[in-house]
Amino acid sequence: MNSNLPPVSDSPLASSTAKSTNVHVPTPKFFMPVFLTIIIATLIYIGFQVSADLAHVPPLSLYSVILLSTALFIALGFEFVNGFHDTANAVATVIYTNALPAPVAVMWAGFCNFLGVMVASGAVAYGIIALLPVELIMNVGSGAGFAMVFALLIAAILWNLGTWFLGIPASSSHTLIGSILGVGIMNHFLNASTGATSGIDMDQVIKVGKALLFSPLIGFAFAAIVFLLVKTIFKRQLELFQPPEGNKPPPPLIRAILIFTCTGVSFAHGSNDGQKGMGLIMLILIGLVPLAYSLNKSLDANHLQSFEKLSSQTAAVLNVNQNELSDEKARAVLTKYIQTKEQTPEVVPALASMTEHLGTRVANYGDLKAVPEAAVSEIRNDMYLSTTTFKRLDKAEALPKMDKDQAKTVKEYRSNLDSFLQYIPNWVKVAVALALGLGTMVGWKRIVVTVGERIGKNHMTYGQGMSAELVAMSTIAAADGLGMPVSTTHVLNSAVAGTMVANRSGLNFATVKTILSAWIFTLPATICLSGGLYWLFLQFVS
């Protein structure tokens, strides 16, 4: 847990004789044995679960095993780096207000991150995946698909490690999204002449961009307001608005609130950021072992029967002209619509035909485990085409007019359709949760020192820490509930800065300038890095 961070003697606080040393409390001796035990136990659990998943599929070649292991290692490496890069922000306030000893704070935050990942819905995971080019998602098992996954993950890890080494709290969310956009842009340039590219889904980019842009502004403004309210409500408790004396903890009530909000931020970070790794791991699994992971095999026969009934009803609602297309024709029409976004009279009938046929094909097998290997990827891709087309037509208000009951039927069908595709196996959640939680416990100090000592000119007070954490926890939790990716780093750093301004403590503009520069350059830097890596990797697989 200790880093080689140089002494912060250049901090504006270095001259204070009562400066807190909480951040430098040594790691307990029991940490490393427990750390290694947890890793070994989790690896054994994952091994058993993966073996069970693969027991009913043809044996993988040595090449596939090596590729799968490498891809999973890199994906989990991203989450590990994300843990000590982003989650350090959550513990900065409790450490610098002495609410918890530093080792206890980071271990507790790691555990809360673990729990947050385990209860995540998966909505954010598939929202991130939707940024990728449709043709690469549908052919993720191809050489281009693997080049995509490796390029975006390696680019994200390199940028995160670079900013962490410099102690700059940049956003892992921005980093990953920039990497995804870089792959999409390069894929568009390379295939634009053939027309076989969907380009960038700008609607999804704008949605994600708004979440990432407005969340720090919300954090700054609301933290300042909350701090002023706290200052009004507790105006007689002056110690809340003074820097801590040495390692003296805050009053019991404030300490409880600080610990509670740290818990909430860590939990919300796990449930939001952890899903990004889950989505990428699912792409890897679908590409390498489609028979085991392309479709949600936990769905029972009743679910399949319900799906067939809803498919037939939805197809009747859509196909007002009673035009029926073959699967090949419908597939071509929907693929072209997604790539070009140009709606033709054939699009809705093609969607209706695909909907009708999907229900029949799935129900005929009776059990998803009985679907042959050759049909699994085709069914998954047809489902993905359908759900993406529904979203596009819905947004364009181009679906046929429906009454209340018909709209309800279509909504149920779309939800049912997503249940086949948008699922996360428990062992994937455990693996991501472990990587994120353990990462939190390992490299936290560089970022914590920046947030705790270098954003403001004066030491963080108890009231500032409580206000910043409360707003950050609420903002991230709300975004998670809406399925929108936000940056824990941006939200919390902005909230800390908001309390500094509200308290007239002054901002350390040299540090703020550095942080803002990293925020501004993260997207273009990762876009260029991942795009370049994607092009490079394609030279080896094409």
Side-chain angles (χ1 to χ4, degrees), residues 1-5 35 38-39 42 69-92 106-107 109-110 112-114 116-117 120 124-125 128 149-180 182 212 265-266 269-281 283-284 428-451 485-490 492-493 515 518-519 521-523 525-526 529-530 533:
M1 286 170 59
N2 290 327
S3 70
N4 296 322
L5 185 73
F35 184 91
I38 292 174
I39 291 177
T42 305
S69 302
T70 304
L72 290 177
F73 178 79
I74 294 174
L76 293 174
F78 167 76
E79 286 300 336
F80 184 82
V81 174
N82 186 3
F84 64 70
H85 192 284
D86 275 25
T87 315
N89 293 278
V91 296
V106 294
M107 284 188 277
C112 292
N113 265 277
F114 183 94
V117 174
V124 173
I128 288 291
V149 172
F150 281 111
L152 67 90
L153 282 173
I154 292 173
I157 290 173
L158 289 175
W159 184 258
N160 270 350
L161 285 176
T163 52
W164 166 81
F165 182 78
L166 297 173
I168 302 172
S171 166
S172 291
S173 298
H174 269 184
T175 300
L176 182 58
I177 289 169
S179 299
I180 289 173
L212 291 172
V265 170
S266 301
H269 175 266
S271 65
N272 193 286
D273 274 42
Q275 294 190 58
K276 296 158 191 171
M278 290 182 206
L280 294 173
I281 287 176
L283 277 182
I284 293 167
V428 173
K429 287 189 175 185
V430 170
V432 171
L434 179 75
L436 195 62
L438 294 183
T440 302
M441 303 178 195
V442 171
W444 54 275
K445 189 179 288 187
R446 289 181 181 272
I447 305 298
V448 164
V449 170
T450 297
V451 176
V486 295
S487 167
T488 301
T489 303
H490 286 193
L492 191 63
N493 279 236
I515 293 174
W519 290 5
F521 288 113
T522 290
L523 278 176
T526 49
L529 184 58
S530 68
L533 288 173

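Along the sequence shown, residues are numbered consecutively beginning with 1. Note that the structure is a prediction, hence the values are computed from the model and not measured. What's counted below: heavy atoms across the whole structure, side chains too, no hydrogens, waters or symmetry copies.
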Fill in: Between CD1 on residue Ile284 and OG on residue Ser69, distance to nearest 0.5 Å
11.0 Å
Worksheet item: Of the options Asn160, Leu158, Leu152, Thr163, which is the one that meets Thr175 in a side chain to side chain contact (heavy atoms under 4.5 Å, CB included)?
Response: Asn160
Worksheet entry | All ring-ring contact (aromatic ring centres under 6.0 Å, His included) counterparts of Phe114, not counting sequence neighbours | none
Discussion item. Between Leu436 and Asn82, is there a side-chain heavy-atom distance shorter than 4.5 Å?
Written reply: yes
Worksheet item: What heavy-atom pair brings Val91 and Ala109 nearest, and what distance separates the two atoms?
Response: CG1-CB, 3.3 Å
Discussion item. Test of understanding: with side chain to side chain contact (heavy atoms under 4.5 Å, CB included), list the residues that count as partners of Thr70, not counting sequence neighbours.
Written reply: Ile66, Ile74, Phe150
Response to the item:
Here the gap from Ser530 atom OG to Leu153 atom CG, rounded to the nearest 0.5 Å, amounts to 10.5 Å
Worksheet item: Considering residues at least two apart in sequence or located in another chain, which fulfil the side-chain hydrogen bond (donor to acceptor under 3.5 Å, both in side chains) criterion with Thr526?
Response: none
Item to complete: First locate atom CG of Leu280, then atom CG of Leu72, and finally report the distance between them rounded to the nearest 0.5 Å.
Response: 11.0 Å
Worksheet item: How far apart are the closest heavy atoms of Ser179 and Ala155, and which atoms are they?
Response: OG-CB, 3.7 Å
Response to the item:
Those residues at least two apart in sequence (or on a different chain) that pass side chain to side chain contact (heavy atoms under 4.5 Å, CB included) with Ala151 are Val183, Leu533, Tyr534, Phe537
Response to the item:
Shortest non-hydrogen pair, Ala75 vs Ile281, comes out as CB-CG1, 3.7 Å
Worksheet item: In Å and rounded to the nearest 0.5 Å, what is the CZ to CG distance from Phe78 to Leu176?
Response: 4.5 Å
Item to complete: Report yes or no: does Glu79 contribute a side-chain atom to a donor-acceptor pair with the main-chain N or O of Ala435 at less than 3.5 Å?
Response: no
Discussion item. Going by the rule side chain to side chain contact (heavy atoms under 4.5 Å, CB included), which residues pair with Leu438 if we only count those two or more places apart in sequence or in a different chain?
Written reply: Phe35, Ile39, Phe80, Leu434, Met441
